[in-house]
Amino acid sequence: MLYRAVADVTVVVHLAFIAYVVAGGFVAWRLPRTIWLHVCAVAWGFTSIVVGVDCPLTAVENWARVHAGIAELPSTGFISHYLTGVVYPESALGAVRLAAAFAVLVSWIGYAHLRVHSHRGAGVEPAE
């Protein structure tokens with residue numbers, strides 16, 4: 001029972017991480033110091049998709065599933081098991097990836113815009 005709980009919690013953490021990769025740049029609009037955490041999360045997400053690096057959360061879930069007597073995730077991984085074909089059709093995978101990348105890009109552009117304009121307002125007023 002404990003191993004099943006570990007597997008379930010790992011799924012929730014994994015989903016939260018994916019949500020943060022997509023939307024964490026918007027969080028940085030209100031909490032600017034978190035931008036570096038978001039850059040690292042995006043770098044990890046991008047690397048895991050492009051290069052195929054195994055995610056440690058998937059390894060933890062598989063470990064817990066095996067100890068709970070449940071089959072491991074398929075070799076295609078977490079996203080293909082829980083999201084692709086479940087939340088969105090398999091044929092939309094490219095569009096979903098593009099939408100996620102677009103959300104990250106928009107959030108970073110917005111972050112940069114907010115930082116530039118907040119620093120301008122913090123300076124000394126121009127002399128007349």
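This is a predicted model, so every value here is computed, not measured.
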Checklist entry - Is I109 isolated, or which residues cluster with it under the ILVMFWY side-chain rule of less than 4.5 Å, directly or via members? => result L105
Next on the checklist: By the salt bridge (Lys or Arg N to Asp or Glu O under 4.0 Å) test, which pairs, at least two apart or in different chains, include something from residues 31-45?
Outcome noted: none
Checklist entry - With side chains defined as the heavy atoms from C-beta onward, is the minimum distance between H38 and V104 less than 4.5 Å? => result yes
Checklist entry - Using links of under 4.5 Å between side-chain heavy atoms of ILVMFWY residues, direct or through other members, which residues join L37 in one cluster? => result Y20
Under 3.5 Å, sequence neighbours excluded: what are the donor-acceptor pairs made by side chains of residues 24-31?
{"residue": "W29", "atom": "NE1", "partner": "S107", "partner atom": "O", "Å": "2.8"}

Below 3.5 Å, can you tabulate the donor-acceptor pairs from side chains in residues 2-10 to any protein atom, sequence neighbours excluded?
{"residue": "R4", "atom": "NE", "partner": "D8", "partner atom": "OD1", "Å": "3.2"}
{"residue": "T10", "atom": "OG1", "partner": "V6", "partner atom": "O", "Å": "2.6"}

Listed pairs under 3.5 Å, donor-acceptor, residues 42-55 side chains, sequence neighbours left out:
{"residue": "T47", "atom": "OG1", "partner": "A43", "partner atom": "O", "Å": "2.7"}
{"residue": "S48", "atom": "OG", "partner": "W44", "partner atom": "O", "Å": "3.4"}
{"residue": "S48", "atom": "OG", "partner": "G45", "partner atom": "O", "Å": "2.9"}

Would you give me the side-chain donor-acceptor pairs under 3.5 Å for residues 77-89, sequence neighbours excluded?
{"residue": "S80", "atom": "OG", "partner": "T76", "partner atom": "O", "Å": "3.3"}
{"residue": "S80", "atom": "OG", "partner": "T76", "partner atom": "OG1", "Å": "2.6"}
{"residue": "S80", "atom": "OG", "partner": "G77", "partner atom": "O", "Å": "3.2"}
{"residue": "Y82", "atom": "OH", "partner": "E61", "partner atom": "OE2", "Å": "2.5"}
{"residue": "Y82", "atom": "OH", "partner": "R65", "partner atom": "NH1", "Å": "3.3"}
{"residue": "T84", "atom": "OG1", "partner": "Y88", "partner atom": "OH", "Å": "2.8"}

Checklist entry - In Å, rounded to the nearest 0.5 Å, how long is the span from CG of N62 to CD1 of I70? => result 10.5 Å
Checklist entry - Side-chain heavy atoms under 4.5 angstrom apart, residues restricted to Ile, Leu, Val, Met, Phe, Trp, Tyr: same cluster for V21 and W108? => result yes
Checklist outcome for this item: residues 89-101 vs side chain to side chain donor-acceptor pair (under 3.5 Å), sequence neighbours excluded, gives none
Item to check | Transitive ILVMFWY cluster of V22, excluding itself - 4.5 Å side-chain cut-off | outcome: none
Next on the checklist: Holding to ring-ring contact (aromatic ring centres under 6.0 Å, His included), I want the full list of residues that pass it with F102, two or more places apart in sequence or in another chain.
Outcome noted: none
Checklist outcome for this item: side-chain hydrogen bond (donor to acceptor under 3.5 Å, both in side chains) filter on S75, not counting sequence neighbours, yields none
